[in-house]
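Presented below is the structure to which this report refers.
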Protein chains: 2
Amino acid sequence: MDDLKVQALANFLKAIGEFNRLSLVYKLCQCKTPQNVMCLCECCDVDASVVSRHLKILAQEGIVKFDKKGRERAYALDRKNVATKLRDFANQIETDI
Amino acid sequence: MDDLKVQALANFLKAIGEFNRLSLVYKLCQCKTPQNVMCLCECCDVDASVVSRHLKILAQEGIVKFDKKGRERAYALDRKNVATKLRDFANQIETDI
DNA sequence: TATTTATTTGCATTTATGTGCAACAATGAA
DNA sequence: TTCATTGTTGCACATAAATGCAAATAAATA
């Protein structure tokens, strides 16, 4: 396992491994439809700008994706990507040598 | 999902989501037998005391376990626990509403 | 006992990260 | 165009986290 891949996985896990970001993930997990930032603000007790920044980090790591809809952004959890990465890692953990 | 569980999962993910700690996890992943701190030092370019602290954090989160063997400690990856937690989370991500 | 080896802990320092507030940009509505 | 709404970015600050070095602890060995 080369350093770049280790770093990439670490970044992914670190992105979800923060309380407010994980709260956002769970919030989106319970939503059938994409949500805008204002709505997502309800789940963590911080400024909207903070939520915006957290969503940016989650988006960079492929944990959420979004569509621009007018002046709003509709965020959704990238369930497939997140689940796949977690399971791949779990398999490695149990499979290696 | 209550705050305590979210915090607990965040702590777990944060523990693995750091480059040197993830390197330690991968190192242990390739070992059939438990390893002591000196041996584990080889995989990350930091002081032994730093490795010791990282292992402590990993142990607190149930990612590694260890046995005292004289003056050494033999660390091993808790494959089952790590894999299970990752898969449970993956299932939640894909299952929830 | 004195010494070497393995590991942890205390302390200081640096770096990274989360946060709020204010200002800005972009879009929609009056 | 003017105003309101939605969201992001710049800046400053506080806190958390990673790190190295030295000292302390614990156990094996000479």
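The structure presented is a predicted model; accordingly, all values stated were derived computationally and were not measured. We name chains A, B, ... by the order of the sequence lines, and we start the count at 1 in each one.
Between B/Glu42 and B/Lys27 a salt bridge is recorded (basic side-chain N to carboxylate O distance below 4.0 Å).
Close to C/dA26, at under 4.0 Å from its OP1 or OP2, lies no side-chain N or O of A/Lys68. Put simply, A/His54 has no side-chain N or O that comes within less than 4.0 Å of OP1 or OP2 on C/dT17. Side-chain N/O atoms of B/Arg73 include one lying less than 4.0 angstrom from OP1 or OP2 on C/dT8.
To the nearest 0.5 angstrom, B/Leu86 atom CG is 11.0 Å from B/Asn91 atom CG. Rounding to the nearest 0.5 angstrom, the gap separating the CZ atom in A/Arg79 from the OG1 atom in B/Thr95 is 9.0 Å. Atom CG in B/Leu58 sits 9.0 Å away from atom CD in B/Glu18 (nearest 0.5 Å).
First and last contacts of DNA chain D with chain B, using any nucleotide atom under 4.0 Å from a protein heavy atom and ordered 5' to 3', fall at D/dA17 to D/dA28.
By the 6.0 Å contact criterion, CG on B/Asp45 is open, its count of non-hydrogen atoms from other residues, nucleotides or ligands being 12 or less.
Nucleotide C/dG10 holds its P atom 8 Å from the NZ atom of B/Lys56, rounded to whole Å. The CD-P distance, from B/Gln7 to C/dG18, rounds to 12 Å in whole Å.
Between the side chains of A/Gln7 and A/Asn11, a donor-acceptor pair is found at a separation under 3.5 Å.
On a pure distance criterion of 3.5 Å, a polar donor-acceptor pair joins the side chain of B/Arg71 and the base of C/dT5. Side-chain atoms of A/Arg53 and base atoms of C/dG20 include a donor and an acceptor less than 3.5 Å apart.
B/Tyr75 comes within 4.0 angstrom of sugar-phosphate atoms only, judged by non-hydrogen atoms across all strands, and of no base. Across all strands, A/Lys14 comes closer than 4.0 Å only to sugar-phosphate atoms, never to a base (heavy-atom distances).
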